[in-house]
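Taking it in order: structure first as structure tokens, then the write-up.
When reading the values below, keep in mind they use all heavy atoms of this one structure, side chains included, and skip hydrogens, waters and symmetry mates. The sequence lines fix the lettering, A, B, ..., with proteins before strands; numbering per chain opens at 1.
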Amino acid sequence: MCGRYVSATPPDQIAAYFATGAPEALLEPSYNVAPTDDVYAVLADGGLRHLDAFHWGLVPYWAKDAKIGSRMINARAETVATNNAFTSAFQKRRCLVPADGFYEWAKRPGQKTKQPYFAHPPDGGLYAFAGLWEVWKGPNRDQPPLRSCTIITTDANDAMTSVHDRMPVILPESAWDAWLDRDNDDVALLGRLLVPAPPQIITLRPVGTAVGNVRNNGAQLLDEVEVEP
DNA sequence: CCAGACGTTGTT
DNA sequence: GTCTGG
DNA sequence: CCAGACGTTGTT
DNA sequence: GTCTGG
């Protein structure tokens, strides 16, 4: 799945990478992005792409309580088109979530602690996770609407299976326009984009367990560690 | 018809 | 909002 | 995803 | 064990 990732590239570089306008809100770089954090997402409006901040954890517009968001951090590619919680967002509110890489935890036989791995592009660049977004207008009319998002997951590819059986959907640049186009109602075509990425775009690096605590942050979280066999 | 859910993951 | 279960 | 809490009452 | 918070 995808429950923790890295977004440390400065906003102007993210904007340049995805050919968006300047971001509306500036977020601090994070080496430990956790659910409920504010994150960047790329949306398209007409031919123009925008880089906006969203709360990670989808709150459907019909939700009575925003708390549901903390349990909606991922959506399964296999069911995103049919599940009530996601259908309308899948049809009309798709986005890309930029990331420098993501973490997955591998269970180690005979040991209680899990080994975290940082999965990242071999030669730099950013991942574009497939995501959905929503706007929730809570009971308080005075409060600004809550903008939230979720990351779509799929089966692990050959690069990831040794660590975990799920991974985020990573879209190639060739798919970005089709995915972001609000007028694209070809759900069959959209569904075919939600497949495991080719393994060669992933390099795995074992890192320290400090990343497990959301209070920890900083580039040192990416330092490689020795893995006990 | 109304009431109630609407999610993913991991683990056993 | 929309679907499922009763 | 992992870490950490997991309770009620009354008082300020 | 299970839920909430980050």
Side-chain angles (χ1 to χ4, degrees), chain A residues 1-7 27-39 53-93 97 99-120 127 129-139 145-146 148-156 160-170 185 187 194 196 204-218 221-222 225:
Chain A
M1 70 132 17
C2 184
R4 216 69 76 80
Y5 70 95
V6 174
S7 180
L27 303 177
E28 289 297 312
S30 177
Y31 294 87
N32 199 355
V33 179
T36 72
D37 283 352
D38 284 326
V39 301
F54 289 79
H55 213 62
W56 184 15
L58 199 76
V59 182
Y61 58 90
W62 41 260
K64 294 183 183 71
D65 192 323
K67 277 193 288 187
I68 192 176
S70 63
R71 287 171 292 161
M72 305 270 276
I73 64 170
N74 293 135
R76 290 175 63 87
E78 296 88 337
T79 56
V80 78
T82 50
N83 270 356
N84 268 344
F86 301 125
T87 44
S88 74
F90 176 65
Q91 289 168 17
K92 297 180 168 119
R93 291 180 298 281
V97 178
D100 296 288
F102 59 98
Y103 299 103
E104 297 284 2
W105 280 258
K107 218 178 129 55
R108 296 181 282 194
Q111 295 189 48
K112 283 187 177 179
T113 59
K114 295 179 182 178
Q115 173 61 52
Y117 287 83
F118 177 56
H120 63 97
Y127 288 141
F129 297 153
L132 307 173
W133 60 275
E134 289 269 7
V135 174
W136 180 74
K137 292 165 184 160
L146 174 68
S148 62
C149 67
T150 190
I151 294 169
I152 300 176
T153 61
T154 185
D155 285 329
M160 293 302 303
T161 45
S162 63
V163 175
H164 199 64
D165 61 348
R166 302 288 292 175
M167 67 183 291
V169 172
I170 302 168
D185 58 0
V187 291
L194 303 180
L204 278 181
R205 177 197 305 165
V207 295
T209 54
V211 68
N213 193 320
V214 297
R215 290 172 302 188
N216 294 329
N217 214 313
L221 294 179
L222 302 182
V225 299

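Taking only side-chain nitrogens and oxygens, A:Asn213 comes nearer than 4.0 Å to OP1 or OP2 of D:dG4. An OP1 or OP2 oxygen of B:dT9 is reached within less than 4.0 angstrom by a side-chain nitrogen or oxygen of A:Arg76. Phosphate contact (OP1/OP2 of E:dC3, side-chain N/O of A:Ser70, threshold under 4.0 Å): absent. Contact between the side-chain N/O atoms of A:Arg71 and the OP1/OP2 oxygens of E:dG5 is not found at any separation under 4.0 Å. The side chain of A:Lys114 contributes an N or O atom lying less than 4.0 Å from OP1 or OP2 of D:dC2. Between A:Arg166 and B:dT8, a side-chain N or O to OP1/OP2 separation shorter than 4.0 Å is absent. Taking side-chain N and O atoms only, A:Asn83 has a distance below 4.0 Å to OP1 or OP2 of B:dT8.
When distances run from any side-chain atom of A:Lys67 to the nucleotides E:dG5, E:dG6, B:dG7, the shortest one goes to E:dG5. Here the nucleotide nearest the side chain of A:Asn84, chosen from D:dA3, B:dG7, C:dT2, is C:dT2. The side chain of A:Tyr61 lies closest to C:dG1, out of B:dT11, C:dG1, E:dG6.
Between A:Asp155 and A:Arg166 the shortest side-chain heavy-atom distance falls below 4.5 Å. In this structure, the side chains of A:Val211 and A:Trp105 come closer than 4.5 Å at one or more pairs of heavy atoms.
Between atom OG1 of residue A:Thr113 and atom CZ of residue A:Arg108 there is a gap of 4.0 Å, rounded to the nearest 0.5 Å.
Legend: residues meeting ring-ring contact (aromatic ring centres under 6.0 Å, His included) with A:Phe86, ordered by chain and number and at least two apart, are absent.
The partner of C:dG1 is B:dC6, by the rule that a Watson-Crick or G-U pair needs both atom distances under 3.5 Å.
Residue A:Phe86 is in sugar-phosphate contact alone, with no base atom involved, counting any heavy-atom pair closer than 4.0 Å across all strands shown.
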